[in-house]
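Since the model is a prediction, treat every value here as computed from it, not as a measurement. So you know, we letter chains A, B, ... as the sequences are listed, proteins then strands, and number each from 1.
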Amino acid sequence: MKDAAQTLIDTEDEVMLRDAARGFLAEASPVSALRANRDAGRAHDPALWADMAQMGWTGVLVPETAGGADMGHRAAGILAEEMGRVLAASPFLSSAVIAATVLRQAGPAAQGALQTIAAGRATYALALDEGPKFAPAATAMQAERQGNTFRLTGTKAFVADGTTASRVLVLARTSGAAGDPEGLTLFDLDASLAGLDRQALSTIDSRDHARLVFDAVAVTGDDIIGDLDNGLVALRPGLQAGQAALAAELTGLAGGAAAITLGYLKERKQFDRTIGSFQALQHRAAHLWSEIEVTASAIANAGRVLDNAPDDAALAVSLAKARAAQTAKLAVSEAVQMHGGIGMTDAYDIGFFIKRARVGAEWLGDYGYHAAVIGAARGI
Amino acid sequence: MSDATEALAAFRADISAWIKDNCPASLLGRAFNENSIVWGGRKWSFANDDQRIWLERAVKRGLTAPRWPVEFGGGGLSRAQEKIFREEMTAAGAPPPLQSFGLWMLGPALLEFGNDAQKAEHLPKITRGEIRWCQGYSEPGAGSDLANVQTRAEDMGDHWLVSGQKIWTSYADQADWIFALVRTDRDAPKHKGISFMLMDMDTPGITTRPIRLISGKSPFCETFFDNVKVPKEQLVGELNRGWDIAKYLLTHEREMIGGGGQGLLGARSVAQIIAMQEGELLADPVLRAEAMQTEVDTLAFGLTMERYKDQAEAGRGVGNASAMLKYYGTELNKRRYELMMATAGSDGLEWDGAHGGLAPEWLRTKANSIEGGTSEVMLDIIAKRVLEMPGQ
Ligand SMILES: Cc1cc2nc3c(=O)[nH]c(=O)nc-3n(C[C@H](O)[C@H](O)[C@H](O)COP(=O)(O)OP(=O)(O)OC[C@H]3O[C@@H](n4cnc5c(N)ncnc54)[C@H](O)[C@@H]3O)c2cc1C
């Protein structure tokens, strides 16, 4: 028989991880916790993050030598999926997935940074997009060089976890012009540096998003991750890991919205019948379930490919993100419709799912971006 | 490398060499479609001698039914080996040596429900391509409501006497035997009075009449049974428990249709058509966007087939979720063919034009979401059995 880690089904360890995560999150971070965060004007709960560190989730992609659990991308995807089911808010994707993946490629110098991530002491944000769409090569922000000093000037439009992060990974231009995939450099800097203005955005998903305005923020050559002028290469593994984990979160979100909806269909009565006995609604629910099943395969595959053949992951990752964006959109739209009026009320949880699905669909590349990657790879 | 991985690598080298040595060159790399299928059977005539040679060689090695037990003419391969075999067949451009309803449907059912004598009698003839089977399920009054079958089999002591009519029986006029659902108890609730019966099409009283399809061919028939005497031992499984066998077999049929069972779904890819049309699709932004969407869904569906096979291999059955594979796979296939027709433009409008039989293949795909249970019936199964939604 094949080793389960080579298949698309969960290994025994993964089944245990999923069960443990689901159990923990149901207690510690049900959807009502997101509501409480929102009403308190808080993007996420630091106590939840501390618990995640305790359980090794913050170090899911950090090597054991740096205090991590090193469980791999499939495991990170399972955690993200479970977080998505209950809309658990935390810097998991920015810090534990994207930054950890970038930094673990960066050699011994990044060992300390990885330790702080695994311990949950530092959290990271990725400052990348300058316009409304994901487009790394379009980066225009200048990093002006004087000797070993670089001065960063420009605006990052939409930075997840941007106000709460203690450190920021910034992609800036050291040569070439906007649109050129080369000439970009990746910096790792302290979020409290002089000249960096972090403006909180009030986004629909009630999470931490910020506009970061850089005014001649001074960093040095020691802050560069990877090579000068070759920042996209250093960033790519982190982007792919983040895209795969975000896709997993969206798939969990779709599953969570579908489960709530199914529960409602089995309970609500009209015309003296449970509405779930109407075939029109049964077929919509069955179609939605089918879409989620198909997307779940793309998610499992992306995790496996990132673990087993990370240099060849572009297609698998884009497939996961493209499918997940569409599936989450379908799930939340169907969820609201099949709930009727109550689905439109703030007092009912479904609204939180539709809002997060929209943010997740945009972040790190929307459907069109990833479908085009697949088209290009497949001769379309 | 672990021992298991090493053994599989050795298997791959061996089977790939075997394919190279045994598949006649004239068959390699040819378009695979309804016209080039080898169905076998008493009435079968090969399109060329190489097809016969390829079948004989594959039979000798049990590769017409790679996963069936060796004692019945199968190859006894594990799933991992079978997957490698299929990959190497595709890589070599070798066509399946034999396709049949016996391999796809009846065989798995007999392996599960047949007695020793039935297995020994019928399975080897299926693997050798000697007997061609057809499926007698549907009747004029029993389509989606299959349990409503009315064709009767009366117990006459030493034999059954069968009377009634089947419809949409694919290839009934080409087949040697039929596996059929017959009513053996008219007083029982409708699912509980059905039995699963095997009949030789040459038995006096069985006649067929072809029905022409919109895709031009006449592959299916009406099948009539007029006081047909059937030996007692040709009933499979328990009396009046035929519905269980019917359902088991339908699961296999649905996975096969949903997963692009060759010949039924056609083996064309969107990229092939694009290549032939020299970039015309690329110039049309709407078609191009549709092509990307279709590709996204096709890749994800392929992975889903893979994941479900992994699950089955790990001993966790797929069960009612096979309805999803049937539903999703066939709807996707219809989309793919619509897209290919649109890409081909007027080059695709002839019965046999620049793209060969693209038009009839496209027309044939419209049946994919009807045959073996309609899409609506599949959604019903998912809703009721998987999602456990309430009845009326
Ligand atoms: C190419 C082809 C090959 C075939 N080969 C074979 C074969 O070899 N052997 C064999 O036995 N049969 C065969 N069939 C028959 C096939 O299984 C039936 O056509 C199928 O089960 C549908 O039955 P029907 O045609 O009577 O349609 P109907 O059941 O009358 O359906 C008509 C429409 O009503 C819908 N509908 C029916 N019931 C419901 C419901 N409860 N809720 C919602 N919608 C409903 C259906 O989805 C469909 O859209 C073949 C069919 C085709 C097209």
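Residue with the most contacts toward chain B among A:Ala371, A:Gly375, A:Ala376, A:Gly379: A:Ala371 (heavy-atom pairs, distance under 4.5 Å). Counting heavy-atom pairs under 4.5 Å between each of A:Ile9, A:Leu281, A:Thr274 and chain B puts A:Ile9 at the top. Counting heavy-atom pairs closer than 4.5 Å to chain A, the top residue among B:Val296, B:Val386, B:Ile381 is B:Val296.
When heavy atoms are compared at a cutoff of 4.5 Å, B:Lys384 approaches chain A solely by way of its side chain, counted from C-beta outward. For chain B, the nearby part of A:Gln279 is the side chain; its heavy atoms alone come within less than 4.5 Å. A:Gln326 does not touch chain B: none of its heavy atoms, backbone or side chain, sits under 4.5 Å away. In this structure, the portions of A:Arg378 lying under 4.5 Å from any heavy atom of chain B include both its backbone and its side chain. For chain A, the nearby parts of B:Glu376 are the backbone and the side chain; heavy atoms of each come within less than 4.5 Å. Using a 4.5 Å cut-off between heavy atoms, A:Tyr367 touches chain B through its side chain atoms alone.
The number of heavy atoms from other shown groups lying within 6.0 Å of CD (B:Glu112) is above 12. Other residues, nucleotides and ligands contribute at most 12 non-hydrogen atoms within 6.0 Å of the NZ atom of A:Lys329.
Interatomic distance, B:Thr343 OG1 to A:Ile380 CD1, rounded to the nearest 0.5 Å: 9.5 Å.
The main-chain N or O of B:Ile382 is never found under 3.5 Å from a side-chain atom of A:Gln282 such that the two would form a donor-acceptor pair. Panel note: side chain B:Asp310, backbone A:Leu8; a donor-acceptor pair is recorded below 3.5 Å.
Using a 4.5 Å heavy-atom cutoff, the side chains of B:Asp380 and A:His283 are in contact.
Heavy atoms only, all atoms of each residue included: B:Met292 and A:Ala372 are closest at SD-CA, 3.8 Å. When every heavy atom of A:Ile374 is checked against every heavy atom of B:Leu299, the shortest pair comes out as CG2-CD1, 3.8 Å. Annotation for B:Met389 and A:Ala285: closest pair SD-CB, 3.9 Å, computed over non-hydrogen atoms. Annotation for B:Ala300 and A:Ser297: closest pair O-CB, 4.2 Å, computed over non-hydrogen atoms.
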Side-chain donor-acceptor contacts of residues 311-320 of chain A below 3.5 Å, not counting sequence neighbours, with atom names and distances?
from: A:Ser318; atom 1: OG; to: A:His370; atom 2: ND1; distance (Å): 2.9

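Ring planes of B:Tyr327 and A:His287: perpendicular class, angle over 60° (limits at 30 and 60°).
Judged as a ring-ring contact (aromatic ring centres under 6.0 Å, His included), the pairs with a partner in residues 303-342 of chain A (not counting sequence neighbours) are, in order, A:Tyr264-A:His339, A:His339-A:Tyr348.
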Take B:Tyr308 and A:Glu293, measure what side-chain hydrogen bond (donor to acceptor under 3.5 Å, both in side chains) needs, and give me the verdict at the end.
-> CA-CA 10 Å; B:Tyr308 275 37; A:Glu293 276 293 291; 2.4 Å; yes
